[in-house]
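Reading through the structure tokens given below for one structure.
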Amino acid sequence: MAEVKENLHMEKIVSLCKRRGFIFQSSEIYGGINGFWDYGPLGAELKRNVKELWWRAMTRAREDVAGLEATIIMAPAIWKASGHVDTFSDPMCDCKKCKKRHRADQLCEDQGLALTKGDNGQFAFPAGTKCTHCGSTELTEPRPFNLMFKTYVGPIESEDHVAYLRPETAQAIFAQFKNVLETSRQKIPFGIAQIGKAFRNEVTPRNYTFRSREFEQMELEFFIKPDEAIEAIHGSVATVPVSGHPGEPQPNWGWQAWHQYWVEERVRFYEGLGLARATLSFHVQTADELAHYARATTDILFKFPFSKRDEKGELKGEELEGIAARSDFDLSQHQRFSGKPMSVFDEELRNAWPRLPQARQDALWQRYYAHRQRYLTRMGVAEDAAARQATEDANALAKGNYIPHVIEPSAGVDRLILALLTNAYTETVKTDDKGRSETLYVMQFHPRVAPIKVAVLPLLKNKPELVARARAVFELLRHDLACFYDEGGSIGKRYARQDEAGTPYCVTIDFDTLGENPELHDTVTLRYRDDGRQERLKISGLRQWLLEHVR
RNA sequence: GCGGGCGUAGUUCAAUGGUAGAACGGCAGCCUUCCAAGCUGCACACGAGGGUUCGAUUCCCUUCGCCCGCUCCA
């Protein structure tokens with residue numbers, strides 16, 4: 001279970017998932033729809049378990065995170081503020097000769113030209129634009145390529161009524177930041193967590209459910225004080241260990257410590273779901289890759305069989321989660337676009353500031369000013385207006401006000417499910433005495449995520465006493481555990497069925513349960529999925545034992 | 001969106017210009033004292049649409065879907 005699935009073909013997983021009811025193609029009876037997938041009975045349980053574990057770890061187990069469940073369709077202005085309306089609609093074109101596809105704006109730039117946009121919103125190439133691949137001038141018209149799903153709110157289908165299905169859950173958190181802050185009795189640093197569907201009209205959905213057009217995210221926006229505020233209050237920002245978990249959160253943590261903290265917290269979460277470190281890898285985004293507002297982004301990758309390989313031939317992995325340090329960009333954008341203040345008042349800062357030596361005050365003021373000014377001018381605010389606003393912001397800081405910065409651990413649920421399925425999949429070829437061989441499939445899920453926790457089986461079906469006792473045991477367990485009763489076929493076949501479903505424990509009611517051997521009266525066989533090991537447990541302690549082992 | 005390959009029971013495969021077989025799986029019954037035993041029976045498929053043809057699952061076209069490569073992935 002711990003090893004990396006190097007040479008596993010995805011088709012095998014796809015076929016098992018279909019066969020056992022983990023994942024089906026959406027709308028299959030109508031021929032399917034590209035990029036959309038349904039979870040069958042086992043998949044639905046698996047996914048529920050994963051979301052439940054995330055929610056528990058991120059909110060209930062912590063005092064500093066509050067939950068949120070926002071709508072999928074929101075005011076379109078949110079997507080203007082976030083930048084999605086602009087960046088999600090890159091104009092694309094194809095070369096008619098060599099069939100190469102380009103981003104029209106980049107193609108022009110590469111040749112020192114500029115794409116033009118008419119009043120009607122239509123893009124056009126300047127004369128002489130060539131394909132950078134083959135040199136042909138036969139290019140298709142630049143077409144906007146919007147990755148957001150569009151719909152209309154209300155009965156009138158006009159541009160005035162356009163709305164989008166959210167392409168990420170994060171923006172809803174930013175938009176409700178003030179409401180949550182005021183109602184949750186939290187103060188900075190604290191986070192808002194949300195699980196929910198998001199939609200992206202991907203150009204090419206690929207790799208089974210990995211890149212779907214409808215998918216689910218588990219996102220935390222964790223709001224922290226700007227480093228300038230930390231320095232004012234605590235004298236300096238805590239230094240971060242070179243690697244590893246920085247330990248329990250401290251008041252003097254700056255964004256780097258918080259970023260590292262969340263990376264490590266998230267890795268621990270994945271390990272707790274059964275994804276060993278060896279199956280994970282990291283990608284620290286380089287300066288070139290980083291979005292302009294991001295200070296750092298660390299991706300946690302899982303080594304899927306379809307992942308690309310590095311120079312050494314090792315699987316590089318595909319992204320499960322990105323942990324981004326997004327500065328105060330998002331809230332600043334919403335403040336500018338909505339006109340509503342997104343700043344918070346920090347009493348500690350207000351009290352600390354006047355006690356700082358003047359030189360220190362000036363230095364922090366200057367740094368904060370520079371940061372704000374850089375942001376504003378990058379966003380196209382005119383130089384003098386930006387200077388004025390940045391001055392205001394820096395003056396506000398001195399009075400204890402700032403826009404919080406954000407650390408964002410953002411995970412894809414469906415990708416994680418696919419990782420868990422891949423990770424759990426094992427096959428072994430078994431040859432019997434007659435030389436016949438068959439392949440046995442075992443889904444070795446961590447008991448925590450397993451869709452069915454325990455199967456209850458009477459050893460034989462045609463002995464009413466066994467069946468009755470088995471039904472009673474099933475009844476005893478089913479209210480607290482995802483439980484499955486099966487009496488069809490032979491006991492071996494039933495074990496094998498549960499192995500494919502990934503059920504970690506099977507409980508068998510046999511003649512000893514009934515008292516054939518008095519010492520074993522009221523005990524059952526407990527059979528382990530991964531090694532077939534068996535032991536006997538008292539029925540009286542069974543429920544408790546199982547609850548402890550699936551936690 | 002481009003290029004290539006592919007679509008036959010739930011799964012894995014077979015055959016065929018005269019409407020399809022198997023294995024495993026599923027369901028029911030019998031049997032079975034711990035790892036896919038056996039016996040009997042049952043159900044289930046040519047992705048969709050159009051064309052050619054007396055007749056199409058088979059040939060052609062379109063479409064949808066899947067896989068690979070390109071492109072895209074803020």
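Every value quoted in this text rests on a predicted model; they were computed, and no experiment measured them. So that the names make sense, note that chain A is the first sequence line, chain B the second, and so on, each numbered from 1.
Looking at residues two or more places apart in sequence or on another chain, you find a side-chain contact (heavy atoms from CB on, under 4.5 Å) between Ile33(A) and Ser26(A), Ser27(A), Phe36(A). Shown here are the ring-ring contact (aromatic ring centres under 6.0 Å, His included) partners of Phe24(A), two or more places apart in sequence or in another chain: there are none. With sequence neighbours left out, the ring-ring contact (aromatic ring centres under 6.0 Å, His included) criterion links Phe222(A) to Trp258(A), Trp262(A). Under the rule for a side-chain contact (heavy atoms from CB on, under 4.5 Å), the partners of Val14(A) that lie at least two apart in sequence or sit in another chain are Tyr208(A). For Phe223(A), the ring-ring contact (aromatic ring centres under 6.0 Å, His included) partners at least two apart in sequence or on another chain are Phe177(A), Phe190(A).
For the pair Arg266(A) and Tyr270(A), the cation-pi criterion (under 6.0 Å, within 45° of the ring axis) is fulfilled.
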I'd like a table of atom pairs between the protein and nucleotides 60-63 of chain B - only N or O on both sides, under 3.5 Å - with the distance next to each one.
none

Show each protein N/O and nucleotides 10-13 of chain B N/O combination with a separation under 3.5 Å, one pair to a line.
| unit_1 | atom_1 | unit_2 | atom_2 | d |
| --- | --- | --- | --- | --- |
| rG10(B) | O3' | Lys18(A) | NZ | 3.1 |
| rU11(B) | OP1 | Lys18(A) | NZ | 2.8 |
| rU11(B) | O3' | Ser15(A) | OG | 3.4 |

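Among the duplex regions that RNA chain B forms, those built from at least three successive Watson-Crick or G-U pairs under 3.5 Å are B:1-7 with B:64-70, B:10-13 with B:21-24, B:26-30 with B:38-42, B:47-51 with B:59-63, ordered by first number.
Going from atom CG of Asp510(A) over to atom C1' of rC35(B) covers 14 Å, rounded to whole Å. Between the P atom of rA37(B) and the CG atom of Leu460(A) lies a distance of 13 Å, rounded to the nearest Å. Taking atom CD on Gln25(A) and atom P on rC64(B), their separation rounds to 13 Å, with Å as the unit. Distance Arg529(A) CZ to rA36(B) C1': 18 Å, rounded to the nearest Å. Look at CD on Glu202(A): it is 14 Å from P on rG1(B), rounded to the nearest Å. Taking atom NZ of residue Lys461(A) and atom P of nucleotide rG38(B), one finds them 16 Å apart after rounding to whole Å. Atom P of nucleotide rG69(B) and atom CZ of Arg309(A) are separated by 12 Å, given to the nearest angstrom. Separating the NZ atom of Lys463(A) from the P atom of rC34(B) is a distance of 12 Å, rounded to the nearest angstrom.
Residue pairs meeting the ring pair (Phe, Tyr, Trp, His ring centres under 6.0 Å) criterion with at least one member in residues 312-331 of chain A, sequence neighbours excluded, are His292(A)-Phe329(A), Tyr293(A)-Phe329(A).
In this structure, a donor-acceptor pair under 3.5 Å is present between the side chains of Glu289(A) and His283(A). Under the 3.5 Å distance criterion, with hydrogens and angles disregarded, no donor-acceptor pair is assigned to the side chains of Tyr441(A) and Arg19(A). For the residue pair Gln171(A)/Ser82(A), the side-chain donor-acceptor check at 3.5 Å is not satisfied. Tyr375(A) and Gln333(A) are linked by a side-chain donor-acceptor pair at a separation below 3.5 angstrom, with hydrogens and angles left out of the test.
Nearest-nucleotide positions on RNA chain B place Pro205(A) closer to the 5' end than the other of Arg415(A) and Pro205(A).
Heavy atoms of Leu466(A) sit nowhere under 4.0 angstrom from any nucleic acid atom. Residue contacts shown for Tyr208(A) are limited to sugar-phosphate atoms, with no base heavy atom under 4.0 Å away.
Judged by distance alone with a 3.5 Å cut-off, a donor-acceptor contact links the side chain of Arg206(A) to the base of rG69(B). Evaluation of atom-type donor-acceptor distances gives a pair under 3.5 Å for the side chain of Gln534(A) against the base of rC34(B).
Side-chain contact between Phe174(A) and Ile78(A): absent, with no pair of heavy atoms (C-beta onward) separated by less than 4.5 Å. Taking 4.5 Å as the limit, every side-chain heavy atom of Tyr164(A) sits out of range of all side-chain heavy atoms of Thr151(A). Contact of the Met148(A) side chain with the Val85(A) side chain is registered, since non-hydrogen atoms from C-beta on lie closer than 4.5 Å.
Here the side chain of Arg527(A) is nearest to one of rC35(B), rC34(B), rC70(B), namely rC35(B).
Applying the 4.0 Å criterion to OP1 and OP2 of rC66(B), one finds that Asn34(A) has a side-chain N or O inside that range. Of the side-chain N and O atoms in Asn462(A), one or more sit less than 4.0 angstrom from OP1 or OP2 of rU32(B).
Only Ser490(A), Ile491(A), Gly492(A), Lys493(A), Tyr495(A), Ala496(A), Arg497(A), Glu500(A), listed by number, bring a heavy atom of residues 488-501 of chain A to less than 4.0 angstrom from any atom of RNA chain B. Within residues 284-299 of chain A, no residue places a heavy atom under 4.0 Å from RNA chain B.
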- Task: Can you check each nucleotide of nucleotides 40-48 of chain B against protein heavy atoms at under 4.0 Å and return B for base, S for sugar-phosphate only, - for none, in 5' to 3' order?
- Result: ---------

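With both ends at atom P, the span from rA14(B) to rU53(B) equals 32 Å, rounded to whole Å.
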